[in-house]
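One structure is given here, and the rest of the page talks about it.
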Amino acid sequence: MNEDTGAEYLTPWQLSECVDGGGVGVVESSRCPTCAEGDVVTSFNWPWQTHAVMAGSGLQKVDSQLVDGHLSYFLGAVGITGLTALLGIREKGYVTKGANQTMVISGAAGACGSIAGQIGRLDGCVRVVGICGSEDKCKALVEDLGFSAAINYRQEDVAARLKESCPAGIDVYFDNVGGAISDTVIAQMNNGGHVILCGQISQYNKDVPYPPPLSEETQENLQSKNITRERFMVLNYMSKVDAALFELSQWVKSAQIKVLETVVNGIENMGAAFCSMMKGGNIGKQIIKISA
């Protein structure tokens, strides 16, 4: 919503124009050789409207069998957020089976964090701890998704709970939020640890560059403990996308990954749902269902 989004792959919304975001739908009519009536298609720049005329070049055809007909999964677990979780962990997390690693995820009950924690466990972490903002979210992480523990940053002492939940320290940190929570996690990381710099949502309304600057103490922690912290962007790994989507699909179909969604019906509720999501009102992926 800023004039400069800070990300070269995102253009700002324009005043008086239809806003857009990730979407999936069915082709009702086509003059495009690559898309036929009945095809299921998705796009990163889907207009927020009930019907739209779109250029075929901006659409990606998807196979509904990959998600057993749950088309919304193409926007989350078997889409851009699932890819971000999987490729982030594989490319920047350096998880090794048998190495007794502990992973911490901030924003853990969101679309990406909820998938990342499950992948961390599947890839070999012995402990996976999530940080989120409500008791309902903590309960979902532990009881539904198999996290080892969950910390409610709004009500608990995060530093004390991390010490309790991560007795052997923290080896991998999947960072979705930045700010004070990330400073607290990094302070308890082990030598040679890895920060997966996925998002910094606590900093987005501030007039700072991305990634935002760190405190001197946190910079010192990173340097003295030889902790890697490099910007991660899934679009840099497009050659690995097809294989990663297939792997995510297999995990979801076999219930090794469980998908959480917050579904709101009706385009008239889109604005309220978006604002709720920005305040953390969703568990898992925020989905707006426009038609059956």
Side-chain angles (χ1 to χ4, degrees), residues 1 10 13 17-30 32 35-56 58-86 107-116 118 132-134 136-137 139-141 143-145 176 199 201 234 245 248-255 257-292:
M1 295 175 76
L10 281 178
W13 288 341
E17 297 292 329
C18 184
V19 295
D20 62 13
V24 62
V26 178
V27 176
E28 293 195 349
S29 173
S30 175
C32 167
C35 295
E37 183 181 334
D39 283 350
V40 179
V41 291
T42 184
S43 171
F44 198 56
N45 304 109
W46 197 281
W48 287 12
Q49 50 196 73
T50 58
H51 293 75
V53 178
M54 300 173 73
L59 297 171
Q60 178 190 353
K61 208 156 102 172
V62 289
D63 179 1
S64 60
Q65 290 186 339
L66 276 177
V67 293
D68 280 342
H70 295 281
L71 298 188
S72 59
Y73 290 5
F74 285 125
L75 304 177
V78 191
I80 193 73
T81 44
L83 286 171
T84 301
L86 178 59
C112 188
S114 61
I115 301 295
Q118 296 180 81
C132 56
S134 76
D136 283 347
K137 290 180 178 181
K139 189 176 178 183
L141 292 180
E143 295 184 7
D144 299 334
L145 304 187
N176 287 307
I201 198 166
V234 72
L245 285 174
L248 288 164
S249 162
Q250 296 305 108
W251 273 338
V252 169
K253 282 183 170 186
S254 62
I257 283 181
K258 293 181 181 172
V259 182
L260 300 182
E261 292 182 324
T262 299
V263 181
V264 171
N265 288 303
I267 196 168
E268 69 276 9
N269 297 312
M270 203 139 190
F274 180 80
C275 291
S276 170
M277 180 270 295
M278 293 302 284
K279 293 175 184 172
N282 58 302
I283 297 183
K285 182 73 175 179
Q286 177 69 65
I287 296 292
I288 315 296
K289 189 174 182 183
I290 291 174
S291 61

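As the structure is a computational prediction, the values presented were derived from the model and not from experiment.
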Option from Leu75, Val41, Asp20 for which side chain to side chain contact (heavy atoms under 4.5 Å, CB included) with Trp46 holds: Val41
Heavy-atom check, side chain of Asn176 versus side chain of Ile201, under 4.5 Å: no
Taking every non-hydrogen atom, the tightest pair across Leu71 and Ser64: CD2-CB, 3.7 Å
Rounded distance (nearest 0.5 Å) linking atom CG of Asn45 with atom SG of Cys18: 11.5 Å
Point-to-point distance, once rounded to the nearest 0.5 Å, from CG of Leu245 to CD1 of Ile80: 9.0 Å
Between CD1 on residue Ile115 and CG on residue Leu248, distance to nearest 0.5 Å: 7.5 Å
Interatomic distance, Ser43 atom OG to Gln60 atom CD [nearest 0.5 angstrom]: 9.0 Å
Sole candidate of Asp68, Val67, Ile287 that passes side chain to side chain contact (heavy atoms under 4.5 Å, CB included) when paired with Tyr73: Val67
Which atom of Thr81 lies closest to which atom of Ala111, heavy atoms considered: CG2-CB, 3.9 Å
Ignoring hydrogens and angles, write down the donor-acceptor pairs under 3.5 Å from the side chains of residues 258-284, residues two or more places apart or on other chains.
residue: Glu261; atom: OE1; partner: Ser72; partner atom: OG; Å: 3.3
residue: Glu261; atom: OE2; partner: Ser72; partner atom: OG; Å: 2.7
residue: Thr262; atom: OG1; partner: Ile283; partner atom: N; Å: 2.9
residue: Thr262; atom: OG1; partner: Ile283; partner atom: O; Å: 2.9
residue: Asn269; atom: ND2; partner: Asn265; partner atom: O; Å: 2.8
residue: Asn282; atom: ND2; partner: Gly284; partner atom: O; Å: 2.7

Val24 backbone acceptor or donor facing Thr42 side chain under 3.5 Å: no
Atom pair SG/NZ of Cys112 and Lys285 - distance to nearest 0.5 Å: 9.5 Å
Heavy-atom pair of closest approach, residues Cys132 and Leu141: SG-CD1, 3.8 Å
Working for side chain to side chain contact (heavy atoms under 4.5 Å, CB included), residues Ser114 and Leu145: CA-CA 8 Å; Ser114 61; Leu145 304 187; 3.7 Å; yes
Cys35 to Ser30 - nearest heavy-atom pair and separation: O-OG, 2.5 Å
Shortest non-hydrogen contact between Trp251 and Leu86, atoms and distance: CZ3-CD1, 4.0 Å
All side-chain contact (heavy atoms from CB on, under 4.5 Å) counterparts of Ser249, not counting sequence neighbours: Leu66, Val78, Lys253
